[in-house]
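Reading through the C-alpha cells given below for one structure.
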Protein chains: 2
Amino acid sequence: MNVTIKDVAKKANVAPSTVSRVIADNPRISKETKERVWKAMEELGYYPNAIARSLASKVTNTLGLIMPRSTEEAFSNPFFPEVMRGISVVAHREKYDLLLSTSGNQEEEKEAVINMVKGKRVDGIILLSSRTTDELIPWLRDEGFPFVVIGKPLDAKSVYWVDNDNIGAAKLATNYLIKHGHREIAFISGSLEYVVSLDRLDGYKLALEENGIPFKRELAEQDEFSEDGGYRAMMRILEREEPTAVVVTDDVMAFGVIRAAIDKGYKVPDDISIIGFNNIPLSAFANPPLTTIDISTFDLGIKSAELLIARLKQKEVDTDHIIVPVKLVERKSCVAR
Amino acid sequence: MNVTIKDVAKKANVAPSTVSRVIADNPRISKETKERVWKAMEELGYYPNAIARSLASKVTNTLGLIMPRSTEEAFSNPFFPEVMRGISVVAHREKYDLLLSTSGNQEEEKEAVINMVKGKRVDGIILLSSRTTDELIPWLRDEGFPFVVIGKPLDAKSVYWVDNDNIGAAKLATNYLIKHGHREIAFISGSLEYVVSLDRLDGYKLALEENGIPFKRELAEQDEFSEDGGYRAMMRILEREEPTAVVVTDDVMAFGVIRAAIDKGYKVPDDISIIGFNNIPLSAFANPPLTTIDISTFDLGIKSAELLIARLKQKEVDTDHIIVPVKLVERKSCVAR
DNA sequence: CACCTAGATGAAACCGATTGCATTTCTTCT
DNA sequence: AGAAGAAATGCAATCGGTTTCATCTAGGTG
C-alpha cells in the first residue's frame, strides 16, 4: 500500500501524532525531532492523504462552484469562463482548489449543493448567479454554510453577495440611447427568473420615466441567454413594434438581436441601434463592433472569491456585499437619431 | 453535530454496517429492513459524508482537470472552456464531479497533480494539453494512475490520449493556401514546447514539400498563445519577409496576426491571406470572418472524459487513443493569388 | 431428529489522518 | 531537596463511513 503517516512515524521513531504535528509545523515539537521526521518523510516519499486529513480536520481547502442552468450551457456563454478566471486567480493565491459540480437542471443543482455541503466536500460555495425562485439561498443560509452569490439575491438578508449596480447600469445604457435621440427603445433580457433581468428591467423603466417616455410592455421581451434567444425575442418585438434602439442585457443575445434585425431588413446601426451588456471579447470584433456595458466580469469573480475566503477565515466580515462598478464602452452599434 | 450513519442505525435498530449496505442497495439485506432504514434516513435527514466514504472506499467520483500554464491564462482562451464544456457533459452523465487545481506555473502544476494523486482526491485525471518537456506524463504513468491527455504526447507509450490528426490538419490548411496560388506561406504557432505546435509545423512542412516549395526557416515563428503573441510573431516575420499567406495554429493568435498585418499597412485578405485553427465562436464574427480549421474542441472534451471513465470502469480499454476529425471552415480571410 | 445450507445481520477492523489529554523529562525556584 | 512548571512527545479517541468475517436463524433433507 501507500506510505502513510504511520510508516513515517515508525521510521522516525516517533508517534503518528508527532508526525502530524511536524506537518503542521507545530512549535511544540523540537527542532531535532522535526528534522528527523522531515528526513523520514523525504526518504519514504510520503505525501499526506488529503481525504483523510479532511475527514479529521473538517477542512477541505476547496471552494464549490455552482453554475446556473446546466454546466454545459454555462460554458458556452463567455461570461462564466471569465468569472471563473477571476475566481481561480484568488483561489490559487489563497491555495484553494475548485470543485465544479456538473448539474443539468435546477433539481440536480439542488442535489449538487446538498452533496457538496452535507457531503462536506467544500469549505464554501460560490453561486454563479441567483434566481428569484432560488431555494438554494434560503437553504444555505439556514444551514449556516458559508457561501457567496454573484448577483444580488431577491432577499439579501444575511447573505453575502457581489454584483454590479444593475439598475444603474441599465439606466446608463438606456439614458445613453435617449441622449442620442431615441424614444422607441426596446428591452431584451434573459428570463425574469433571474434577479439580474429584473433589476435591469427596472433600470430601463426608470430611465424612461425620468425622461418622460412611457413604458410600453410590448417593447420588452425575455428569452434564454443565447444567440438564438436574442434572435427569437427580437423577432417577436419586430412583429408588432418598430423600435429605433434596443437594450440587450447580454452580448451573446445581442448578436442574435442583430441577426434578427438584419433578417427583417433593418440596418444596424443605421435603422436600429443596439447596446449590449458584459463586453465579452467577441463584442469588439462583431459587425458592427458592439457598444456595450462592461460589467467587469473578471472582478466579479475576484471579489466573490475574496469575500468568501474572508468569510471562511474570520467568522464575520464587515461588509456583506460588494458592488463592482460598470462602464459604458462606446463602439459602433449605436447612432444618434 | 450532524446526523451520521450511526444515528440512522440506532433509529432503525440495526448495525451501521447494515445501513451502509442499504445505501449501497446490497441485495443481501431484506426488503423489510431496507424500508425501515430508508424511513429512518428520511426522518433524520441523513446524508452520507462523501469524504468519509471516499476514505473508506477509495473512490471519489471526481475527475481532476489540469490546465496548462496558469489556470487564469487558460480561461482566457476560448479553447479551454469549450473542451471543459465537453468534459462536463460526460462527467454529468456519468455522475462525476470536476476538481480544478489552480496552478500558476509548471512547478506548481506538478505539485497540483501530486496533491490530487497522492492526496487521493480524484479517481482520474485529464491533462488539458501536453508539453514536450512534460514530467507529468511519465510520472503519472509510473505511478500507474489513470489519466488521459488531450494532445498526443511525445512518447505515447502506454498512455491514453485524445487528439486531432494535427499533422494532417496543418497539411489541410497549408494545401488550401497552396491550392489558392500561395507560395510564400508563413507559419505561426505557439511554443514548440507543445507537441501540438510541433506536429502542426511538421504538417506545414510536409505540405510544402509535397508541392515542391522549399521550407524557409524565416517564415516560421512561435510565440505565446494570445492575441499579443500572434501580433509579435507576425511583426517579426514582416520585418524580414513578405508572405502572401499565413497559417496560424490558434484563432486568438490569428487576430493578433491580422492586427499586425494591418499595422504594417497590409490588407487582409487582399494582400495577406490568413487561416486559423480552432474555430472559436469569435472567428465567425471577426473582420474579416476567419477561415479556420475546426478541430471539434467540444468533442475533444467529450472523448477524453469518455476514455478516462471507460478506463476507470474496466482495467483495460481496447483503444488507447482517439482521433477526433477536423474540417476546414471556409470564410473570408483567404483569397486566391 | 440431527445436520446442512442459505439468507440476514452484526461485530470489529480499517481507511489515514487530527487532537485533547496524559505522561515523561528537565529546569527552575524556594 | 522537593515542588512546581514548562517543554516535548505519546496514547487513544475520533472523524464517518466500508468491508471482511463471524454469527444466528430458519427451512430443507435424509
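Labels below follow one simple rule: chain letters A, B, ... track the order of the sequence lines, proteins then strands, and each chain is numbered from 1. Only heavy atoms go into these numbers, but all of them, side chains included; no hydrogens, no water, no symmetry mates.
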Can you find a side chain N or O atom of [X] that sits less than 4.0 Å from OP1 or OP2 on [N]?
| X | N | answer |
| --- | --- | --- |
| B:S54 | C:dC15 | no |
| A:Y47 | C:dA17 | no |
| A:R28 | D:dT9 | no |
| B:S57 | D:dT19 | no |
| A:T4 | C:dG16 | no |
| B:K58 | C:dG16 | yes |
| B:S30 | C:dT9 | yes |

### Query
Any idea which of C:dT18, C:dA17, D:dG10 is nearest the A:N49 side chain?
C:dA17
### Query
What nucleotide, of C:dT9, C:dG10, D:dT9, holds the atom closest to the side chain of A:I29?
D:dT9
### Query
Any side-chain donor paired with an acceptor under 3.5 Å for A:T297 and A:R85?
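On atom types as modelled, these side chains do not qualify, holding no pair under 3.5 Å.
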### Task
Establish, from distance only, whether the side-chain atoms of B:T60 and B:D123 form a donor-acceptor pair under 3.5 Å.
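The answer is yes; a qualifying pair exists.
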### Task
Identify whether the distance between the nearest side-chain nitrogen and carboxylate oxygen of B:E43 and B:K39 falls below 4.0 Å.
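The answer is yes: the pair qualifies as a salt bridge.
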### Message
Pick the closest DNA chain D nucleotide for B:T18 and for B:L55 by heavy atoms, then say which residue is nearer the 5' end.
### Response
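By nearest-heavy-atom nucleotide position, the 5'-most residue is B:L55.
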### Task
For the pair A:S20 and A:S17, evaluate side chain to side chain donor-acceptor pair (under 3.5 Å) and give the outcome as yes or no after the intermediate values.
CA-CA 5 Å; A:S20 173; A:S17 49; over 6 Å; no
Could you state the atom-to-atom distance from [atom1] of [X] to [atom2] of [N] in whole Å?
| X | N | atom1 | atom2 | value |
| --- | --- | --- | --- | --- |
| B:R121 | C:dG16 | CZ | C1' | 15 Å |
| A:D7 | C:dG16 | CG | C1' | 10 Å |
| A:K120 | C:dA17 | NZ | P | 21 Å |
| B:E32 | C:dG7 | CD | P | 15 Å |
| B:K31 | C:dT9 | NZ | P | 13 Å |

### Message
Whether the side chain of B:R21 and the base of C:dG7 hold a donor-acceptor pair under 3.5 Å is what I'd like checked.
### Response
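Such a pair does not exist between side chain and base.
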### Side-chain donor/acceptor of A:S17 to base of D:dC11, under 3.5 Å
yes
### Query
If you look at every strand shown and take non-hydrogen atoms under 4.0 Å, does A:V14 touch a base, only sugar-phosphate, or nothing?
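Sugar-phosphate only.
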### Task
Report the relative orientation of the aromatic rings in A:F225 and A:Y194; use parallel for angles under 30°, tilted for 30 to 60°, perpendicular for over 60°.
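Taking A:Y194 first and then A:F225, their aromatic rings stand perpendicular (interplane angle over 60°).
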